[in-house]
Amino acid sequence: MMQIFDTLNNKKTELKFSNKVRIYLCGVTVYDDAHIGHARTIIVFDVLRRFLESQKIPVEFIQNFTDVDDKIIDRANQEKISALELAAKYTKNYFDDFDGLNIKRATLYPKATEHIEDMQNLISNLVDKKFAYVTKNGVYFSVSKFDNYGKLSKKHTDDLVSGARVNIDEEKNDPIDFALWKFSESEPSWDSPWGKGRPGWHIECSAMSLKYLGESFEIHGGGRDLIFPHHENEIAQSESFTSKQFAKIWMHIGMITINGEKMSKSVGNVKSVNHVLGDWGPNIIRLFCLSGSYSKPIDYSEKLLRENITKLRQIESCYYELRLAVGSGTNSTADKLLDECKNEFDSALNNDFNTPLALTAYYKLIKEVNSLAAEEEITENYAKIILPEFERMSEILGIDIMKVSDEEKNSINQMIKKRDEYRIEKNYEEADKIRDEIAGKNIIFIDHKNRTTWVKQEKINAE
RNA sequence: GGUGAGGUAGUACAGUCCGGUAGUGCAUGGGCCUGCAAAGCCUAGAGUCGGGAGUUCAAAUCUCUCCCUCACCUCCA
């Protein structure tokens, strides 16, 4: 049984579910290209989802797009296009980036603009119940009406008021009340019972999670920086509406920092997914993002990314040594290794999704395979036992190793044969020509004592 | 100031909940394999677990205290 640290109760909590695990992940605001910080959060949830599914647990995974928001409108004005066009553009970029990162598509990617009516229904209900009130600027949630406000972020409403960095709006009953609906005549805007305008930020996630996952669901996640105010406000709205517990587990992902400082637009230290993907490829980025506990910060550096090239090479070697195994001898260590690594891998992930420890188990299996391969002791029987587990782990981690077609395989074998002939003749010049030629296709020959195997490597541009 | 998360070999992390004199990767040194390479493998060195105090037969792990870092408290993954 899996345990995940729940931000609300501040402790590891068993992931209980009846027939499926429902996950809502706060996605991105589509006003600019996604950066590596977004990627980390989404990679973590992608692996979580793959892990659950590998255990035959059905997962319903919802990830929203915020496609109406002040930043979108500002940016659209700058670029002299409509807000919807701008959002559409960056939504497309999002999928280009994250398909490139080998992220499995979510069950559904609902958009705020397509759920205006759902939000309005929710707001109406909150107004009726006096949890919300209308001013000349919009509709606001009355924080003081919700007893447990602050329970997620452990903030006291008194402190928030005295902090008073919130922009003062005299119309609001209380400075910490937040907008459900903002009046506005300019586009994009929608008619509503209270007046023309657009929704506040937090209400969309309440409306869409309620609609698709129900009043109460298993996991709600996002970056740590969303704990306050976004998730706190979601709880207030949703639980005021349903009178039920909203998410059962709140799972928050640590920030990506650069030189210890949070990656953000205002600091100007943002690394876009597009850029980093071009340099390092999906596998390196995934290994990098999974190399630390999901809840802690990870410092972005080229040095750390580079370390993962070595890991990737070992992974690739392992895969191809297993694929190219020959001989029918038995190896008694296979079953033991399989059990150990599978066990360590799964229990690591079950224990608060400890990906660094899971990676250790993955690397342990790889090291053992490569070690045997160095001694030419990998047989088909051995590979038959180990390969499925290796592929299972790789699949969960979303590591996608470069494959070759059958034709390519034949041609590689031809080249190895030809090269061997040259080597027997001690015509090393010709032999090396073949090796160089094939290296151009990122295929590396590996000369063992008695035979030559090969690896198809992913080209890493930053290397 | 409030809240939360951290400080473990050169470096990046795990171990802390469930006390038993520290593990893993990378880097570095040496070696194996090779026609030479590459890839891979083997092996070695490296830590008073932020400081101090306490509980205990025993503390990285529990308690207290101090120091430092970061995040959130305004939009943020």
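Chain naming here is simple, since letters A, B, ... match the order of the sequence lines and numbering starts at 1 in each.
Stem regions annotated for RNA chain B: B:1-7 with B:67-73, B:10-13 with B:23-26, B:28-32 with B:40-44, B:50-54 with B:62-66, counting only runs of 3 or more consecutive pairs of Watson-Crick or G-U type with both contacts under 3.5 Å.
Rounded to a whole angstrom, the distance from the P atom of C62(B) to that of G25(B) is 26 Å.
Side-chain contact check for Glu321(A) and Asn370(A): no donor-acceptor pair (N or O, by modelled atom type) lies under 3.5 Å. A side-chain N or O of His252(A) and one of Thr7(A) form a donor-acceptor pair less than 3.5 Å apart.
Distances shown here put every side-chain N or O of Ser264(A) at or beyond 4.0 Å from the OP1 or OP2 atom of C75(B). Of the side-chain N and O atoms in Gln314(A), one or more sit less than 4.0 angstrom from OP1 or OP2 of C26(B).
Each of Ile444(A) and Val28(A) was assigned the nucleotide of RNA chain B with the nearest heavy atom; the assignment lying further toward the 5' end belongs to Ile444(A).
In the interface, the side chain of Arg435(A) is paired with the base of A37(B) through a donor and an acceptor atom under 3.5 Å apart. For Lys12(A) against C17(B), a side-chain-to-base donor-acceptor contact under 3.5 Å is present.
Tyr363(A) comes within 4.0 angstrom of no nucleic acid atom, judged by non-hydrogen atoms across all strands. Heavy atoms of Lys154(A) sit under 4.0 angstrom from primed sugar atoms or phosphate atoms, though from no base atom. Nucleic acid contact for Leu357(A): sugar-phosphate only, since backbone atoms but no base atoms lie under 4.0 Å from a heavy atom of the residue. Across all strands shown, Lys426(A) has no heavy atoms under 4.0 Å from either base or sugar-phosphate atoms. Among the atoms of the strands shown, only primed sugar atoms or phosphate atoms (P, OP1, OP2) are found under 4.0 Å from some heavy atom of Lys303(A).
Relative ring orientation between Phe246(A) and Trp250(A) is described as tilted, the plane-to-plane angle lying within the 30° to 60° band.
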